[in-house]
2 protein chains.
Amino acid sequence: MASKRATISDVASLAGVSIATASKALNGRQDVRAATRERVLAAAAELSFQPNALARGLISGQTRTVGLLTSDSVGRFGIPVLLGAEDAFGAGEMAVLLCDARGDAIREQHHLRALLSRRVDGLIVVGESTNPRPSVSKDLPIPVVYAYGPSEDPDDVSFVPDDVGAATMAVNHLLALGRRRIAHVTGPGHYKAARDREEGLRQALAAAGLEQAGQTLSGVWSQRWGRHAAEILLMAEPEIDAVFCGSDQIAAGFVEAARERGRRVPDDIAVVGYDNWEVLSTETRPALTTVDMNLELLGRTAAQHLFAAIDGRATPGVHKMPCQLVIRDSTSPPGIS
Amino acid sequence: MASKRATISDVASLAGVSIATASKALNGRQDVRAATRERVLAAAAELSFQPNALARGLISGQTRTVGLLTSDSVGRFGIPVLLGAEDAFGAGEMAVLLCDARGDAIREQHHLRALLSRRVDGLIVVGESTNPRPSVSKDLPIPVVYAYGPSEDPDDVSFVPDDVGAATMAVNHLLALGRRRIAHVTGPGHYKAARDREEGLRQALAAAGLEQAGQTLSGVWSQRWGRHAAEILLMAEPEIDAVFCGSDQIAAGFVEAARERGRRVPDDIAVVGYDNWEVLSTETRPALTTVDMNLELLGRTAAQHLFAAIDGRATPGVHKMPCQLVIRDSTSPPGIS
DNA sequence: CTCCTGGACTTAAAGGTTTTCGGAAACGTA
DNA sequence: TACGTTTCCGAAAACCTTTAAGTCCAGGAG
């Protein structure tokens with residue numbers, strides 16, 4: 001460990017100038033002769049001087065630090081958002097203070113106080129699902145941006161994936177391939193994501209003047225449920241030629257069970273997943289056509305808007321971020337696979 | 001946004017006492033009459049006063065903040081370590097400053113300077129693999145602990161999973177089931193993890209006086225390679241009765257290909273994976289017996305040792321953390337599955 | 001009555017930096 | 001020489017909190 005950290009006054013006395021002059025030289029301000037600046041810089045380098053961010057923040061009132069409050073980091077949605085945000089901040093000079101509330105409101109309050117006490121310049125709240133969550137922004141002296149899971153308060157700034165639009169896009173892709181008997185297997189109905197994706201399907205079918213093949217099958221977000229749903233569906237609606245699944249896990253299970261029952265994918269049944277969780281979507285056979293929610297981009301965008309809000313240019317409301325359809329073999333036109 | 005943040009002097013004047021008395025009352029110190037303390041606390045509550053951590057840190061020299069420097073957050077190893085660390089810190093009053101260097105040494109230096117300038121009390125460096133990495137601790141005024149990826153410098157404090165021991169444990173499990181012709185499929189040889197796990201296998205076989213079935217097959221950490229390796233292996237060594245795989249991805253691919261070739265798992269061939277990546281290990285059929293590296297525990301332990309080091313009680317060296325064998329259906333004794 | 005003790009409170013310094021303002025020197029012009 | 005201007009530098013305040021040291025007073029002991 002180095003002895004003691006050098007302060008600006010150490011630098012100043014080594015360079016033979018006052019503290020004020022040293023500060024000006026180090027911060028590239030005018031009113032310093034070139035030769036003097038040179039001496040100060042040399043002294044700072046010799047002492048490997050690092051300005052004390054606490055003292056600086058105390059004066060300026062800006063810590064150049066933002067809080068990242070997540071309800072459930074362990075979920076695979078929070079992580080990319082977090083990375084995108086960290087990316088956007090890290091490019092500049094911002095630092096990220098990470099807090100994980102583990103879905104506990106008490107713990108969230110606790111972390112919120114800690115962040116406030118550390119005088120963060122802003123806050124990003126990352127949800128674990130797209131279900132709206134209680135606002136934390138009330139009476140907060142700093143701007144807050146919600147990512148993935150929006151705030152219940154429409155005056156807050158939220159960024160969410162456009163699940164409805166993405167589902168419509170996915171189903172339109174199936175329609176363009178000539179599929180007409182499209183079924184839907186998805187997760188629990190208490191997830192807004194499940195309801196939104198079903199709504200997107202509904203809109204696409206309505207626009208094409210078609211009926212959905214059978215009822216929507218709601219289960220859980222697992223491969224096991226995908227397999228089970230395949231059995232139910234192939235029994236009840238044997239003539240389906242496409243399935244839109246609410247997640248890649250469900251799609252992977254569906255593909256596996258369908259193949260075991262002698263249905264070829266994509267020839268007999270085209271399958272579309274959701275999430276583009278690469279360990280599943282690229283490793284299943286055939287590789288899955290799926291919706292990528294661009295979560296890193298969403299996180300980055302949220303971070304950029306937080307910057308704007310810190311500068312006083314907030315843009316309230318729920319912003320729907322476009323998703324992207326990644327086309328792979330599970331929806332290849334017949335004869336190509 | 002609230003108007004302006006209350007300072008302790010606002011609290012003091014509202015309570016009709018001096019700043020010093022207010023400070024003592026708020027910090028639960030002696031030399032304050034109960035009634036006075038009462039008044040101060042009431043005033044603080046009314047103004048929703050939050051002490052300024054910057055000013056406090058400036059005086060005490062302790063920021064109660066640690067840096068978490070990761071080379072590759074996106075990897076699935078960094079995340080649990082990070083969570084465990086965050087957990088250990090969050091229980092107290094510590095905050096975590098997250099930096100992702102994206103495997104770039106320049107960016108790492110940059111982040112290091114930023115953290116130092118923010119006067120963090122300590123640093124955890126999370127590696128993306130168990131390969132030793134260059135030390136950052138040289139001449140740093142704060143303690144550093146390495147997690148998952150150890151430092152090259154043996155005087156640093158590092159926590160890594162005990163891959164050799166875990167592999168031995170996994171193979172002993174296969175031996176206990178009566179398997180004698182055990183093969184090994186793993187990832188690239190430039191990963192220390194691959195070499196260590198092979199070494200563990202070697203030790204277990206040597207202790208049992210057995211030879212490995214065929215050569216170790218080194219490829220990449222993917223499901224695709226697992227399938228490919230299965231084809232090679234079942235051709236070259238058709239009489240194998242068990243496979244120890246270097247990752248769950250490889251194991252999942254192996255199981256799938258083996259089943260397609262008419263080998264039953266676990267009856268004909270028992271399979272053990274590595275990582276306990278649940279989306280794979282619990283969803284494959286049969287569910288995978290696999291090694292769990294207890295990464296959250298590893299992260300938590302690293303964090304606790306960082307606390308100790310901050311208090312001046314460092315414990316240099318590479319600490320091997322025990323792993324755990326999670327037994328599932330892919331190694332059930334014959335007749336039980 | 002005086003002195004001492006201890007409790008309750010205040011004053012002031014310290015921590016490291018930025019910034020405003022004033023001062024000093026140098027130079028040019030009348 | 002007197003004066004204005006420009007250039008460079010330093011003194012000091014400010015940010016907010018903690019804490020060491022000091023003040024004041026009541027009450028008890030001698």
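Chain identifiers are assigned alphabetically (A, B, ...) following the order of the sequence lines, protein sequences preceding nucleic acid strands; residue numbering begins at 1 within each chain. Keep in mind the model is a prediction, meaning the values are calculated, not measured.
Counting to the nearest Å, the C1' atom of C/dG16 and the CG atom of B/Asn52 are 14 Å from each other. Atom-to-atom, CZ of B/Arg56 to C1' of C/dA14 comes out at 17 Å; the value is rounded to the nearest Å. Between the CG atom of A/Asn27 and the P atom of C/dT20 there is a distance of 13 Å, rounded to whole Å. Across the protein-nucleic acid pair, A/Gln30 atom CD and C/dT20 atom P stand 14 Å apart, rounded to whole Å. One can place CZ of B/Arg119 at 14 Å from P of C/dG15, the figure rounded to the nearest angstrom. Here the P atom of nucleotide C/dG16 and the CZ atom of B/Arg118 are 18 Å apart, to the nearest Å.
In this structure the side chain of B/Pro161 never reaches within 4.5 angstrom of the side chain of B/Met321, judged on heavy atoms. Here the side chains of A/Leu26 and A/Val40 are in contact, with some heavy-atom distance below 4.5 Å.
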Next on the checklist: Between B/Val125 and B/Val136, does the side-chain contact (heavy atoms from CB on, under 4.5 Å) criterion hold? Intermediate values first, please.
Outcome noted: CA-CA 9 Å; B/Val125 177; B/Val136 300; 4.1 Å; yes
| request: Please assess A/Ile124 against A/Val126 for the test side-chain contact (heavy atoms from CB on, under 4.5 Å), listing each intermediate value before the final yes or no. | output: CA-CA 6 Å; A/Ile124 293 192; A/Val126 182; 4.0 Å; yes
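Residue pairs meeting the salt bridge (Lys or Arg N to Asp or Glu O under 4.0 Å) criterion with at least one member in residues 34-50 of chain B, sequence neighbours excluded, do not occur.
Inspection of the B/Ser135 and B/Tyr146 side chains reveals an N or O donor paired with an N or O acceptor under 3.5 Å. Residues A/Arg118 and B/Thr63 have side chains that never bring a donor and an acceptor to within less than 3.5 angstrom of each other. Residues B/His305 and B/Thr315 bring a donor and an acceptor atom of their side chains to less than 3.5 Å of each other.
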Please enumerate all protein N or O atoms sitting under 3.5 Å from an N or O of nucleotides 6-12 of chain C, with distances to 0.1 Å.
unit_1	atom_1	unit_2	atom_2	d
C/dC9	OP1	B/Arg33	NH2	3.1
C/dC9	OP1	B/Thr36	OG1	2.6
C/dC9	OP2	B/Arg33	N	3.0
C/dC9	OP2	B/Thr36	OG1	3.2
C/dT10	OP1	B/Ser18	N	3.4
C/dT10	OP2	B/Ser18	N	2.7
C/dT10	OP2	B/Ser18	OG	2.8
C/dT10	OP2	B/Thr21	OG1	2.7
C/dT10	O4	B/Lys24	NZ	2.9

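Close to C/dT18, at under 4.0 Å from its OP1 or OP2, lies no side-chain N or O of A/Ser60.
Residue B/Thr7 is in sugar-phosphate contact alone, with no base atom involved, counting any heavy-atom pair closer than 4.0 Å across all strands shown.
Heavy-atom contacts of chain B under 4.0 Å fall on DNA chain D between two terminal nucleotides, which in 5' to 3' order are D/dC16 to D/dT19.
Side chain of B/Asp10 to main chain of B/Ala6: no donor-acceptor pair is present (N/O by atom type, distance under 3.5 Å, no hydrogens or angles).
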